[in-house]
Amino acid sequence: MISGACWRCLLLSFCFLRGSAQNFAQTRFICTSVPVDMDLCTSSMQSSGPTEDLKTTILQLRETVLQQKETIMNQKDTIRELTTKLARCEGNTVLEIPSLGSTGSRKKENGTPKNTMGDLSRTPTAETLTQLGQTLQSLKTRLENLEMYSRGNSSAQANSLKDLLQLKIEDLEKQVLSRVNNLEEGKMNLRNESEQRGKIESTLTTLHQRITDLEKGQKENRPADKFQLTFPLRTNYMYAKVKKSLPEMYAFTVCMWLKSNASPGVGTPFSYAVPGQANELVLIEWGNNPMEILINDKVAKLPFVINDGKWHHICVAWTTRDGVWEAYQDGVMRGNGENLAPYHPIKHQGVLVLGQEQDTVGGGFDATQAFVGEMAHFNMWDRKLTVGEVYNLATCSNKALTGNVISWAETNIDIFGGATKWTFDACRQIN
């Protein structure tokens with residue numbers, strides 16, 4: 001038989017240690033005698049001495065366990081970090097050069113040329129070579145344009161400068177080829193590579209500047225119409241705006257040179273919007289649809305095929321009488337029709353935009369309808385040109401006319417959003 005005193009001792013121990021004592025293997029129990037009619041737990045909570053010491057010890061032990069648990073977690077993180085570093089060392093990972101930070105984080109010093117090569121330590125080699133190749137191709141194109149215009153110029157200074165630029169470009173191409181071969185053989189050291197790329201970048205910067213200066217000099221001497229507009233991307237912000245508006249017209253002919261390989265659809269070479277009618281006069285090839293001419297929102301489909309990456313001369317002629325229209329490509333009539341907005345005059349006081357379709361006067365551009373490619377010699381007349389006059393334009397005859405409403409001249413056009421002007425003579429491209 002278990003005595004009453006023992007039962008009181010067991011109950012007292014359970015009252016103090018339930019929920020806590022189970023976490024400790026060795027616990028010291030202290031028995032205290034109490035009257036039979038008194039609540040054991042209440043009595044023990046009110047007592048002092050050994051009972052309070054026991055409670056304090058339990059709390060201290062619990063705090064110690066929590067601290068040890070936190071220490072173990074911290075040690076696990078440290079072990080994980082050291083393991084990662086060890087793996088990097090075993091894998092012979094190439095460390096980054098401290099002086100070269102990630103793209104966008106390096107501070108540019110005053111007077112430092114723009115880094116056209118990107119970040120040296122993180123830019124993938126293949127991507128860098130592609131960028132360098134594109135830069136060289138751009139420089140070669142600009143130089144070819146300058147040479148084409150300068151063929152009739154016998155200036156010894158101009159020829160000497162062109163030869164020097166050509167030699168620099170050839171030298172850069174050799175450096176790129178050498179670098180590719182070295183990379184393929186696996187013999188390129190990272191630091192040497194960085195130094196070589198720095199030299200190439202410095203040379204490219206100088207070459208860019210000299211070609212730009214040469215182009216400026218040529219601009220002062222060349223005729224005002226010897227240029228082209230380039231729209232390299234399908235955006236809603238690249239465009240050109242003709243400074244003057246159109247008069248009221250009962251007939252017109254619009255002609256231009258275009259070059260594009262965009263697909264699907266070359267976009268909108270030009271659009272003319274007036275208050276109350278955004279589609280007063282629009283030339284557009286959108287999606288998989290054929291090229292169309294819109295007059296007062298009325299549509300005629302045109303038989304043009306020009307997205308082959310070659311220069312094409314196109315003309316559209318129209319008269320309000322019976323809405324008769326004609327379409328010419330490369331000097332040959334490819335289609336005609338009638339009943340296109342008959343007896344509707346082209347309204348005046350509008351905005352003529354090159355490269356974008358307007359949903360509002362002078363704006364509301366949609367990137368999916370933007371023109372992608374190159375354009376030159378945009379001219380407009382307030383009458384229908386004859387077949388012979390169109391042919392003279394397409395074949396660059398010395399009898400070719402200049403637009404009496406809109407003529408192609410740099411002073412007549414403002415460009416926006418990154419569209420560019422280049423030295424260009426369409427007739428030299430086809431002769």
>> Can a donor-acceptor pair be found, under 3.5 Å and without considering hydrogens, that links the side chain of Gln329 to the backbone of Val305?
In response: yes

> Does Gln356 reach the side chain of Thr268, with side-chain heavy atoms less than 4.5 Å apart?
Replying inline: no

> Any donor-acceptor pair under 3.5 Å linking the side chain of Trp408 with the backbone of Phe227?
Replying inline: yes

> Where do Trp325 and Lys301 come nearest, in terms of heavy atoms and distance?
Replying inline: CH2-O, 3.6 Å

>> Contact between Tyr272 and Leu246 at the side-chain level, heavy atoms closer than 4.5 Å - yes or no?
In response: yes

> Looking at Glu280 and Lys347, does any basic side-chain N land under 4.0 Å from a carboxylate oxygen?
Replying inline: no

> Do any N or O atoms from the side chain of Ser260 and from the backbone of Val372 form a donor-acceptor pair under 3.5 angstrom?
Replying inline: yes

> Can you name the closest pair of heavy atoms from Ala341 and Thr320 and give their distance?
Replying inline: O-OG1, 4.3 Å

>> Could you report the tightest heavy-atom contact between Glu248 and Pro345, atom names first, then the distance?
In response: CG-CB, 4.0 Å

> So which of Thr402, Asn404, Val405 actually passes side chain to side chain contact (heavy atoms under 4.5 Å, CB included) with Asn379?
Replying inline: Thr402

> Can Leu229 and Glu374 be said to form a side chain to side chain contact (heavy atoms under 4.5 Å, CB included), step by step?
Replying inline: CA-CA 6 Å; Leu229 295 180; Glu374 300 166 48; over 6 Å; no

> Does the pair Leu401 and Asn392 meet the rule for a side chain to side chain contact (heavy atoms under 4.5 Å, CB included), with working shown?
Replying inline: CA-CA 8 Å; Leu401 302 175; Asn392 288 339; over 6 Å; no

> If you take all heavy atoms of Met238 and Pro232, which pair is closest and at what distance?
Replying inline: SD-CD, 3.6 Å

>> Run the side chain to side chain contact (heavy atoms under 4.5 Å, CB included) test on Cys255 and His377 for me, step by step, so that the C-alpha distance in whole Å, both residues' side-chain angles and the decisive distance to 0.1 Å come before the verdict.
In response: CA-CA 8 Å; Cys255 298; His377 293 282; over 6 Å; no

>> Are there over 12 heavy-atom neighbours, none belonging to Lys310, within less than 6.0 Å of that residue's NZ?
In response: no

>> Any heavy-atom pair between the side chains of Val324 and Trp318 that's under 4.5 Å?
In response: no

>> Quick one, Asp382 and Thr253 - any side-chain contact, counting heavy atoms below 4.5 Å?
In response: no

> Do Phe378 and Trp257 make the cut of ring centroids closer than 6.0 angstrom?
Replying inline: no

> When rounded to the nearest 0.5 angstrom, what is the spacing between NZ in Lys241 and CG in Asn412?
Replying inline: 13.5 Å

>> Side chains of Tyr328 and Arg334, heavy atoms from C-beta outward: is any pair under 4.5 Å?
In response: no

> Would Trp311 and Leu258 count as a side chain to side chain contact (heavy atoms under 4.5 Å, CB included) if you check the C-alpha gap in whole Å, the side-chain angles of each, and the deciding distance to 0.1 Å?
Replying inline: CA-CA 6 Å; Trp311 281 103; Leu258 294 177; 5.6 Å; no

> Gln358 and Ser271: side-chain hydrogen bond (donor to acceptor under 3.5 Å, both in side chains), yes or no, with the steps?
Replying inline: CA-CA 6 Å; Gln358 305 173 69; Ser271 64; 3.1 Å; yes

> Would Gln277 and Asp297 satisfy side-chain hydrogen bond (donor to acceptor under 3.5 Å, both in side chains), going step by step from the backbone distance to the final call?
Replying inline: CA-CA 8 Å; Gln277 179 53 274; Asp297 226 8; 4.7 Å; no

> In Å and rounded to the nearest 0.5 Å, what is the CG to CZ distance from Leu354 to Phe416?
Replying inline: 11.0 Å

> Does any non-hydrogen side-chain atom of Leu385 lie less than 4.5 Å from one of Leu393?
Replying inline: yes

>> Return the OG to CD distance between Ser397 and Glu389, rounded to the nearest 0.5 Å.
In response: 11.0 Å

> Would a line drawn from the ring center of Phe365 to the ring center of Tyr239 be shorter than 6.0 Å?
Replying inline: yes

> Can you tell me how far OG1 of Thr230 sits from NZ of Lys259, rounded to the nearest 0.5 angstrom?
Replying inline: 9.0 Å

> Should we say atom CG of Asn288 is surrounded by more than 12 heavy atoms from elsewhere, each under 6.0 Å from it?
Replying inline: no

>> Using every non-hydrogen atom in the two residues, find where Ala278 and Asp359 come nearest and quote the distance to one decimal.
In response: CB-O, 3.5 Å

> Can you tell me how far OG1 of Thr386 sits from OH of Tyr391, rounded to the nearest 0.5 angstrom?
Replying inline: 13.0 Å

>> salt bridge (Lys or Arg N to Asp or Glu O under 4.0 Å), that's the test. Do Glu326 and Lys384 meet it? Break it down for me.
In response: CA-CA 9 Å; Glu326 298 170 348; Lys384 283 182 61 179; 3.3 Å; yes

>> Could you report the tightest heavy-atom contact between Glu357 and Val282, atom names first, then the distance?
In response: CG-CG1, 4.2 Å

> In Å and rounded to the nearest 0.5 Å, what is the CE to CG distance from Met256 to Leu283?
Replying inline: 5.5 Å

>> Can you tell me which residue among Ile284, Asn307, Val316, Ile306 is in a side chain to side chain contact (heavy atoms under 4.5 Å, CB included) with Met291?
In response: Ile306

> Can you list the steps and then say if His312 with Asp330 is a side-chain hydrogen bond (donor to acceptor under 3.5 Å, both in side chains)?
Replying inline: CA-CA 6 Å; His312 293 282; Asp330 299 325; 3.0 Å; yes

>> Within the 4.5 Å heavy-atom criterion, are Ile346 and Ile295 side-chain neighbours or not?
In response: yes

> Are any non-hydrogen side-chain atoms of Leu281 and Val274 less than 4.5 angstrom apart?
Replying inline: no

